[in-house]
Amino acid sequence: MDNVTIFDHPLIQHKISKLRDKNTGTNEFRSLTEEIAMLMGYEALRDLPLEEVEVETPIETCMTPMISGKKLAVVPILRAGLGMVNGILALVPSAKVGHIGLYRDEETHEPHEYYCKLPSPIEQRTIVVTDPMLATGGSAVSAVNFIKQHGGKIIKFMSIIAAPEGLKRLHEAHPDIHIYVGHLDRCLNEDAYICPGLGDAGDRIFGTK
Ligand code: PRP
Ligand code: URA
């Protein structure tokens with residue numbers, strides 16, 4: 001699939017295996033989520049635009065590249081996407097952060113929006129949407145719809161674990177965005193949870209339930 005990157009780096013795979021373990025506690029789960037987001041972000045941000053700037057070294061003045069323009073916006077899908085934000089901010093501390101609040105109805109599995117606040121202007125920014133879980137794809141498709149309605153154009157979607165159903169749905173709805181997936185899992189179960197997955201990402205990051 002064009003515009004889809006599924007990571008095979010051993011560090012990412014190792015950390016995802018630790019996330020899956022039901023005995024991994026909240027503290028470690030949070031750290032691992034951030035670390036994986038940073039490792040994925042390193043690759044996902046390889047096309048950030050650069051510009052040559054003048055810098056005086058102790059030896060001489062030179063022209064040298066720095067990240068240019070309006071830079072980056074990170075947009076987590078609440079709640080679980082929040083767990084990935086600091087990993088991206090570790091790479092680009094000056095990034096702006098927007099928020100999209102969505103929850104899945106437990107019966108229908110349809111996403112419902114309850115919050116949306118995006119940095120403005122957003123048109124020229126590279127926007128990295130974060131959500132550890134891409135399950136049915138409903139939340140991801142809605143989030144990208146909102147961002148496009150608000151003028152977002154350069155959009156990347158980053159999820160740690162995806163189900164084939166969700167990846168297909170997001171890619172078909174938004175073939176223009178680049179999707180980064182830490183691991184592609186087997187399938188969804190009857191409750192639309194990813195198998196083998198890691199359970200409920202929001203509950204595991206925030207220690208709820
Ligand atoms: C989870 C997850 C995604 C969504 C994925 O959020 O963080 O946002 O489900 O499912 P989908 O691909 O089928 O839409 P949830 O709705 O449980 O909310 P939470 O993060 O607040 O726990
Ligand atoms: N949301 C989660 O947190 N986990 C899943 O497996 C599916 C949706």
Side-chain angles (χ1 to χ4, degrees), residues 1 3-4 6 15-26 28-30 32-34 36-37 40-41 74-88 97-118 127-148 152 155-175 177-209:
M1 268 192 257
N3 271 356
V4 175
I6 299 174
K15 289 176 193 293
I16 291 176
S17 297
K18 291 176 84 170
L19 275 189
R20 294 187 192 280
D21 187 341
K22 67 177 186 183
N23 295 314
T24 296
T26 303
E28 193 184 2
F29 196 95
R30 279 188 197 137
L32 287 164
T33 303
E34 270 185 41
I36 294 165
M40 291 175 68
V74 189
V75 178
I77 300 179
L78 307 181
R79 291 176 299 166
L82 282 174
M84 299 171 72
V85 171
N86 284 345
I88 310 292
V97 182
H99 296 87
I100 294 181
L102 293 173
Y103 72 89
R104 271 198 336 175
D105 184 287
E106 286 188 4
E107 300 289 319
T108 65
H109 310 133
E110 285 301 311
H112 294 271
E113 186 202 357
Y114 59 89
Y115 188 77
C116 182
K117 182 87 179 168
L118 299 173
I127 302 152
V128 178
V129 184
T130 60
D131 193 330
M133 309 307 276
L134 180 59
T136 66
S139 305
V141 170
S142 295
V144 176
N145 286 342
F146 289 134
I147 291 168
K148 286 186 173 174
I155 302 170
K156 296 166 185 275
F157 187 92
M158 208 187 275
S159 70
I160 294 178
I161 295 181
E165 297 89 327
L167 179 58
K168 182 168 182 286
R169 181 166 167 189
L170 179 59
H171 181 62
E172 284 177 0
H174 296 292
I177 74 167
H178 201 122
I179 306 170
Y180 298 87
V181 172
H183 195 272
L184 187 61
D185 271 17
R186 198 176 69 249
C187 62
L188 296 175
N189 68 14
E190 60 280 7
D191 297 320
Y193 272 81
I194 300 176
C195 305
L198 50 73
D200 187 305
D203 282 345
R204 295 199 64 191
I205 289 170
F206 295 105
T208 44
K209 211 180 242 176

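These numbers were taken from a predicted model, which means no experiment stands behind them. For ligands, and for the atoms within them, numbers begin at 1 and follow the listed sequence. For the numbers below, each heavy atom of this structure counts, side chains included, while hydrogens, waters and symmetry mates do not.
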For ligand 2, the portion of Ala135 having any non-hydrogen atom under 4.0 Å away: side chain

Below 4.0 Å, non-hydrogen atoms only: which portion of Ala192 touches ligand 2? Side chain, backbone, both or neither. backbone

Distance to 0.1 Å, residue and atom name: give those for the protein heavy atom nearest to [atom].
| atom | value |
| --- | --- |
| atom 14 (O) of ligand 1 | Ser139 OG, 2.6 Å |
| atom 15 (P) of ligand 1 | Arg104 N, 4.2 Å |
| atom 18 (O) of ligand 1 | Leu102 O, 4.0 Å |
| atom 3 (O) of ligand 2 | Ala201 N, 2.8 Å |
| atom 8 (O) of ligand 1 | Asp131 OD2, 2.4 Å |
| atom 5 (C) of ligand 1 | Met133 O, 3.5 Å |
| atom 17 (O) of ligand 1 | Asp200 OD2, 4.1 Å |
| atom 5 (C) of ligand 2 | Tyr193 CD2, 3.4 Å |
| atom 22 (O) of ligand 1 | Arg79 NH2, 2.9 Å |

Step-by-step side-chain hydrogen bond (donor to acceptor under 3.5 Å, both in side chains) determination, Asp203 to Thr208: CA-CA 5 Å; Asp203 282 345; Thr208 44; 2.6 Å; yes

With heavy-atom distances below 4.5 Å as the criterion, would you say the side chains of [X] and [Y] are in contact?
| X | Y | result |
| --- | --- | --- |
| Leu167 | Met1 | yes |
| Leu188 | Ile194 | yes |
| Val129 | Ile77 | yes |
| Ile205 | Leu82 | no |
| Asp200 | Arg204 | no |
| Leu198 | Met133 | yes |
| Ile155 | Lys148 | yes |
| Pro196 | Arg186 | yes |

Taking N or O atoms only and a 3.5 Å limit, does [X] qualify as a polar contact for ligand 1?
| X | result |
| --- | --- |
| Ala140 | no |
| Ala80 | yes |
| Tyr103 | no |

Aromatic plane relationship, His112 with Tyr103 - under 30° parallel, 30 to 60° tilted, over 60° perpendicular: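 Aromatic pair Tyr103/His112 classed parallel.
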
Within the structure, is a non-hydrogen atom of Arg104 found at a distance of less than 4.0 Å from ligand 2?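 Per 4.0 Å heavy-atom rule, Arg104 contacts ligand 2.
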
Does at least one non-hydrogen atom of Gly199 fall below 4.0 angstrom from an atom of ligand 2? yes

Show the numbers, then the answer: is there a side-chain hydrogen bond (donor to acceptor under 3.5 Å, both in side chains) between Arg104 and Thr136? CA-CA 10 Å; Arg104 271 198 336 175; Thr136 66; 4.6 Å; no

Say whether His109 and ligand 1 are in contact under the criterion: heavy-atom distance to a ligand atom below 4.0 Å. no

Closer than 4.0 angstrom: is that true for some heavy atom of Gly137 and an atom of ligand 1? yes

Can you name the closest pair of heavy atoms from Cys116 and Ile100 and give their distance?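 What the structure gives for the nearest pair is SG-CG1, 4.2 Å.
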
Nearest 0.5 angstrom please: Ile160 CD1 to Ile36 CD1, how far? 4.5 Å

Would you say atom 3 (C) of ligand 1 touches the protein, meaning some protein heavy atom is under 4.0 Å from it?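 Neighbour list for atom 3 (C) of ligand 1 includes protein heavy atoms (cut-off 4.0 Å).
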
Is there at least one protein heavy-atom neighbour under 4.0 Å from atom 10 (O) of ligand 1?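 Within 4.0 Å of atom 10 (O) of ligand 1, protein heavy atoms are found.
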
Within the structure, does Ile194 bring an N/O atom to less than 3.5 angstrom of an N/O atom in ligand 2?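 Indeed, backbone or side chain, Ile194 has an N or O that close.
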
